[in-house]
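Within every chain, numbering begins at 1; the chains are lettered A, B, ... in the order of the sequence lines, protein sequences first and strands thereafter.
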There are 2 protein chains.
Amino acid sequence: MALEHAILVSLAERSASGYDLARRFDASIGHFWKASHQQIYKVLGRMESDKLVESHLVAQDGRPDKKVYAITTEGRSELTSWLVTPTPVEALRSEFAVKLRALHLSDRDAVLADVRRRREQHAAQLESYESSAAHYYPHPDRLDDDELGPWLVLRGGIIAEQAGLAWCDEILKELS
Amino acid sequence: MALEHAILVSLAERSASGYDLARRFDASIGHFWKASHQQIYKVLGRMESDKLVESHLVAQDGRPDKKVYAITTEGRSELTSWLVTPTPVEALRSEFAVKLRALHLSDRDAVLADVRRRREQHAAQLESYESSAAHYYPHPDRLDDDELGPWLVLRGGIIAEQAGLAWCDEILKELS
DNA sequence: GGTTGCATTGCAACTCGTTGCATAGTACGG
DNA sequence: CCGTACTATGCAACGAGTTGCAATGCAACC
């Protein structure tokens, strides 16, 4: 139930509608935890019956009404207790690694093309993270208290993409 | 349906029972694609009705009978066509990143302890990969054709663990 | 005037994977 | 002789996530 907690984190920062949350997940948090709007609406519904969040309707002009969700006291205590429980290291799960392992059964050129594609995707993602970093945190040596977390997460993304890139480069070297 | 393909890869190398497969997944392939025995039995059953694999019973002495699965021609062609289709880069999904993002809502010492724990796990995994590499591939500059894939996969694991380790170290530095 | 796109919420059906349980024979240590 | 551990297979229930579809109403573009 990690989406539940990701939503609590997001709502603890600011109340939002399901639609807003879906957009936030497309942007910041979503770099490390994707969620579709269907999934978000479903989980929000369950969280409301569990009293972790509460909602009220907000009329808007020129747009459909929206249902703004806020975290409850119970939600906050659930969140803080989750925050201090140790996190199991998630197993890495890579379809690409399975394919690579079967290299001797496969078509070398197809694999090469695939690796090149992946390399470009990692490079693009890395660039996007780095420009986010430069834009939002121009002075990483002087961060506010509430900036440190997001900054470290961004650093994690950068490190992961660099690793992905390095792996692709190593594969390309071996295959050429 | 990636487990299906991982099983096909494994059976293409050698026929095996569900139990054997579960152990293989605990060892080599499983570093990058975990699967429980329940899951494996279930998928094997479906794959048999889909004619991707076929089984026959083998009696053993002192042990229960086993059902040995072999890949079929149809399974092989499914496998080769899967091998040449491009692989989407899997989104990274990290519960830990979500927690880290909420650092300002959290208990600094609890986070520190968690990061230290994760650091140890990455270090242990890295060491295990490196000793596998040293043991199975003592001469990485001279690899057989069928060794290159597994070697590159292992390299991917090493690179990923090093990245995980580097991230932990960076977090520890910032939090101290 | 028609099409496209955005904002907003949601349902239904499905796949994938996890957890817990059941069964049964053998081997081994205390 | 008893408990534990290994080999071997499987079912049932559940949770998480994906895919596809649907509705409505406004704005902007051609």
Side-chain angles (χ1 to χ4, degrees), chain A residues 1-8 15-27 29-30 32-50 52-69 82 88-95 98, chain B residues 1-8 15-27 29-30 32-50 52-69 82 88-95 98:
Chain A
M1 290 208 202
L3 175 55
E4 193 169 297
H5 293 114
I7 288 176
L8 285 178
S15 296
S17 67
Y19 192 84
D20 295 334
L21 284 170
R23 275 185 313 180
R24 284 190 205 167
F25 274 80
D26 274 347
I29 298 187
F32 311 93
W33 203 280
K34 294 266 173 257
S36 62
H37 73 98
Q38 293 92 333
Q39 176 76 358
I40 289 171
Y41 285 123
K42 204 196 303 179
V43 172
L44 275 175
R46 193 187 57 213
M47 289 169 76
E48 187 161 26
S49 5
D50 293 348
L52 300 173
V53 300
E54 58 194 11
S55 68
H56 60 277
L57 282 176
V58 174
Q60 307 184 104
D61 49 76
R63 293 181 185 182
D65 292 356
K66 62 177 174 177
K67 218 165 149 184
V68 173
Y69 288 89
W82 175 72
V89 175
E90 37 270 309
L92 43 118
R93 186 160 265 202
S94 167
E95 190 171 331
V98 177
Chain B
M1 289 206 202
L3 175 56
E4 193 169 296
H5 293 114
I7 288 177
L8 285 178
S15 295
S17 68
Y19 191 84
D20 295 334
L21 283 171
R23 275 185 314 181
R24 286 190 202 166
F25 274 79
D26 274 348
I29 298 187
F32 310 94
W33 204 280
K34 294 266 173 257
S36 63
H37 73 99
Q38 293 91 335
Q39 176 75 359
I40 289 171
Y41 285 122
K42 205 196 304 180
V43 172
L44 275 175
R46 193 187 60 215
M47 290 170 77
E48 188 162 25
S49 6
D50 292 349
L52 300 174
V53 299
E54 57 193 12
S55 68
H56 61 276
L57 280 178
V58 174
Q60 309 183 103
D61 49 75
R63 292 181 187 186
D65 293 358
K66 61 177 174 178
K67 218 164 148 185
V68 173
Y69 288 89
W82 175 73
V89 175
E90 38 269 309
L92 44 117
R93 185 160 264 202
S94 166
E95 190 171 332
V98 176

Distance below 4.0 Å between R93(B) side-chain N/O and dG17(D) OP1 or OP2: yes
Gap between atoms CZ and C1', on F25(A) and dG17(D) respectively (whole Å): 13 Å
Sugar-phosphate, base or nothing in reach of Q60(A), heavy atoms under 4.0 Å: sugar-phosphate
Donor-acceptor pair, side chain of E48(B) and main chain of S55(B), under 3.5 angstrom: yes
Y19(B) side chain, from C-beta outward: closest of dG17(D), dT9(D), dT19(C): dT9(D)
Q39(A) CD - dT15(C) P separation (whole Å): 17 Å
Phosphate-side-chain proximity, Y41(A) and dG10(C), N/O vs OP1/OP2 below 4.0 Å: no
dG10(C) phosphate, OP1 or OP2, under 4.0 Å from Q38(A) side-chain N/O: no
Salt-bridge present (K66(B), D20(B); N to O < 4.0 Å): yes
Residue pair Y69(A) / G18(A): nearest heavy atoms and the distance that separates them: CD1-N, 4.3 Å
Spatial distance of atom CZ (R24(A)) from atom CD1 (I40(A)) [nearest 0.5 Å]: 10.5 Å
Gap between atoms CD and C1', on E4(A) and dG17(D) respectively (whole Å): 15 Å
Along DNA chain D (nearest heavy atom to each residue), the more 5'-positioned of P64(A) and S17(B): S17(B)
dG10(D) phosphate, OP1 or OP2, under 4.0 Å from K67(B) side-chain N/O: yes
Whole-Å gap separating P (dA7(C)) and CG (D26(A)): 11 Å
L44(A) CG to dC11(C) C1', straight-line distance once rounded to whole Å: 16 Å
Donor-acceptor contact present, side-chain R93(A) to main-chain F32(B), <3.5 Å: no
Distance, rounded to the nearest Å, where H5(B) contributes NE2 and dT15(C) contributes C1': 14 Å
For atom NZ of K42(A) and atom P of dC14(C), their distance in whole Å: 14 Å
Any R46(B) side-chain nitrogen or oxygen under 4.0 Å from OP1 or OP2 of dC16(C): yes
Side chain of R23(A) (C-beta onward), nearest among dA8(D), dG17(C), dT8(C): dT8(C)
Toward the 5' end of DNA chain D, by each residue's nearest nucleotide, Y69(B) or R63(B): R63(B)
Distance below 4.0 Å between W33(B) side-chain N/O and dG17(C) OP1 or OP2: yes
Between P of dC6(D) and CG of D20(B), the distance in whole Å: 16 Å
